[in-house]
Undergrad: 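Below is a structure I'd like to ask you about.
Keep in mind that what you see is a predicted model, and the values were worked out from it rather than measured. Counting convention: from 1, in listed order, for ligands and their atoms alike.
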Amino acid sequence: MGKSINYISTRGDSDTLKFNDVIFEGLAADGGLYVPEKWPTLSDEQINSFEEKSYNEIAHDVISVFLDDSISSQDLTNIINHSYSTFTNPEITPLRKFDQNNYLLELFHGPTFAFKDVAMQFIGNIMNLYLSRKQRQINILGATSGDTGAAAIEGFKNIDNSNIFILHPYNKISEVQKKFMTTVKSENVYNIAIKGTFDDCQSIIKTIFSDIRFKKDNNLTAINSINWARIMCQTVYYFYAMSRLDSGNKSVMFSVPTGNFGDILAGYISMKMGLKISKLNIATNENDILTRTLNTGIHDLRDVKTTSSPSIDIQISSNFERLLFDITDDTELVRELMSKLNSNRQYELSKEIVRKMQDVFTSHSVSQDEVKEIIYNYYRDYNVVIDPHTAVGIKSAQKCEEEFDIKVFLATAHPAKFNDTVSEIIGNNDYIPLKVKSMMELDDYYVILENDVMMIKKFLEDKIK
Ligand SMILES: *Cc1c(COP(=O)(O)O)cnc(C)c1O
């Protein structure tokens, strides 16, 4: 199916792969990330036809251009239908209008109440198909700042021939986020709390995956947002949202609360594929490295600050490398920048690169007080309860000087996931669904380990053999 796109590494020194291999790869062997060699495009006609199609039908058309002939059109339809049958809203990612020109794109109707379910449900099912054909086993290893892990566990808890190991920063994710992961009781699920930050967890994963031998011996596969298939699945809801807006020639901006740059990169890719979005706003909290990069060209790592929007409390934004590569088309430069980041904790982009980024992106950072104000105002004015990440997206978009006819805010999590923050601001718990309330009473299953790669490796080996 599709024209069998080749996938290459952003650092130019890894094997070229087809989809059926790229889905099992995390980091490329040269340390880079896989991207399509060339962006597939959809015609205007095809994009216009989405107005008449369901989410699942749009997903089929968008995803099929990235696949190879290992997946038939019917396989793809089955996987998509199965994946999104776990969503509680018939529109899958409904677009909610709350005043003249402003919309929420609600991405939290999946099993773990955050946008990551959109990709993870699909990935669990498509990997299951490949694994059952090859009779092989895989071991998923991932790091989470809260939401990825839960979504991945939900995606894989029923998949035969798989184990899933998820690292999260001990005591640095919300209680509800934790419960979504640690209350899943399944033989193949391992939750590991690391005494450190999310960046520490991510760095452990990177180190383990760079040990090619260990990775191979243990059949390790990544599913954090460096996995290409996640980005691919997320492009779908940009097409879906545009098809539900009567946008004509109107200018449309999407505002995306951004951490690892996966979600917003999917928006960028949808533009490359032919979707007419005017601007993408990189919404950041007080961890504003990407805002500073876009405004000054200087990308410098600072310490991670803990905020009320923990899923974007990061400094190392892995998928930004994919954008750097796409904008520069220069693997040597990407390698040089990444090596500088590694050794000097910073790099600087040329004015030309920054200008190219500014053609597509804007970026504004939002303080925790502003998050509170937005959550409160939206509740008061529209009777809409939003989560702190969504609030970052809204406030950040409000700071854009450029005018747009339509603004779409990605609602990346259900407010119940961050109820500590939200309830205190709006003064009630009425928005918390029963599912979450009863989950809070269940037992947790997790181990606590030191921030130490050797210990984690040993743990994996013990469980995998
Ligand atoms: C993961 C996450 C984000 C950030 O998405 P990236 O793809 O990492 O930029 C934003 N909001 C919520 C609720 C998330 O779970």
Undergrad: Is the His109-Phe87 ring centre distance short of 6.0 angstrom?
TA: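 Not close enough - the centres of the two rings lie 6.0 Å or further apart.
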
Undergrad: Does the side chain of Asn102 come under 3.5 Å of the side chain of Tyr382 through a donor N or O and an acceptor N or O?
TA: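 No pair is found: no donor N or O on one side chain lies under 3.5 Å from an acceptor on the other.
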
Undergrad: Mind checking whether Ile312 contacts ligand 1 via backbone (N, CA, C, O), side chain (CB onward), both or neither, at a 4.0 Å heavy-atom cut-off?
TA: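 Near ligand 1, Ile312 shows its side chain, while the N, CA, C and O stay back.
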
Undergrad: Would you say Thr421 and Ser308 are linked by a side-chain donor-acceptor pair, where the criterion is simply a distance under 3.5 Å?
TA: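 Short answer, no.
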
Undergrad: Are there more than 12 heavy atoms of other residues, nucleotides or ligands under 6.0 Å from atom OH of Tyr431?
TA: yes

Undergrad: Is it the case that Arg230 and Asn227 place a side-chain donor and acceptor less than 3.5 Å from each other?
TA: no

Undergrad: Among all protein heavy atoms, pick out the one at the shortest distance from atom 5 (O) of ligand 1; state its residue, atom name and that distance to 0.1 Å.
TA: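 Of every protein heavy atom, Phe115 CZ, 3.5 Å lies nearest to atom 5 (O) of ligand 1.
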
Undergrad: I'd like to know whether CD of Gln358 has more than 12 heavy-atom contacts from other residues, nucleotides or ligands below 6.0 angstrom.
TA: yes

Undergrad: I'd like to check which ligand 1 atoms, numbered from 1 as shown, lie under 4.0 Å from a non-hydrogen atom of Lys116.
TA: 1 (C), 2 (C), 3 (C), 14 (C), 15 (O)

Undergrad: Going by the atom numbers of ligand 1, which of them fall below 4.0 Å from some non-hydrogen atom of Thr412?
TA: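 Those qualifying, in numeric order: 10 (C), 11 (N), 12 (C), 13 (C).
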
Undergrad: Looking only at distances, please establish whether an N/O atom of ligand 1 is found under 3.5 Å from an N/O atom of Gly259.
TA: yes

Undergrad: Could you tell me which atoms of ligand 1, counted from 1 in the order shown, lie closer than 4.0 angstrom to a heavy atom of Thr258?
TA: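 By the 4.0 Å cutoff, the relevant atoms are 9 (O).
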
Undergrad: Does NZ belonging to Lys38 count more than 12 external heavy atoms closer than 6.0 Å?
TA: no

Undergrad: At what distance is the nearest protein heavy atom to atom 15 (O) of ligand 1, and which residue and atom is it?
TA: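 Checking every protein heavy atom, the shortest distance to atom 15 (O) of ligand 1 gives Asp147 OD2, 2.4 Å.
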
Undergrad: I'd like to check which ligand 1 atoms, numbered from 1 as shown, lie under 4.0 Å from a non-hydrogen atom of Gly262.
TA: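 Going through ligand 1 atom by atom, the ones under 4.0 Å from Gly262 are 6 (P), 7 (O), 9 (O).
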
Undergrad: May I ask you to identify the nearest protein heavy atom to atom 7 (O) of ligand 1, giving residue, atom name and distance to one decimal place in Å?
TA: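 Minimum-distance protein heavy atom for atom 7 (O) of ligand 1 reads Asp263 N, 2.9 Å.
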
Undergrad: Taking the six-membered ring for Trp, are the ring centroids of Phe261 and Phe361 within less than 6.0 Å of each other?
TA: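 Here the rings of Phe361 and Phe261 have centres that are less than 6.0 Å from each other.
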
Undergrad: Please determine whether any non-hydrogen atom of Phe108 lies less than 4.0 Å from an atom of ligand 1.
TA: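 No, Phe108 has no heavy atom closer than 4.0 Å to ligand 1.
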
Undergrad: Which atoms of ligand 1 are found less than 4.0 Å from any heavy atom of Ser311?
TA: 2 (C), 12 (C), 14 (C), 15 (O)

Undergrad: Where is the nearest protein heavy atom to atom 6 (P) of ligand 1: which residue, which atom, and how far?
TA: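 Nearest neighbour among protein heavy atoms for atom 6 (P) of ligand 1, to 0.1 Å: Asn260 N, 3.5 Å.
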
Undergrad: Scan the side chains in residues 434-443 for donor-acceptor partners under 3.5 Å anywhere in the protein, sequence neighbours excluded, and list what turns up.
TA:
from	atom 1	to	atom 2	distance (Å)
Lys435	NZ	Pro111	O	2.7
Ser438	OG	Leu434	O	3.0
Ser438	OG	Lys435	O	3.3

Undergrad: Answer yes or no: are there more than 12 heavy-atom neighbours, outside Asp303 itself, under 6.0 Å from its atom CG?
TA: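 Not more than 12 within 6.0 Å, no.
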
Undergrad: Output the list of atoms in ligand 1 that are nearer than 4.0 Å to some heavy atom of Ala413, sorted by atom number.
TA: 13 (C)

Undergrad: Is Phe261 touching ligand 1 with its side chain, its backbone, both, or neither, if touching means heavy atoms under 4.0 Å apart?
TA: backbone

Undergrad: Heavy atoms only, cut-off 4.0 Å: how does Lys417 contact ligand 1, side chain, backbone, both, or neither?
TA: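 The answer is neither.
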
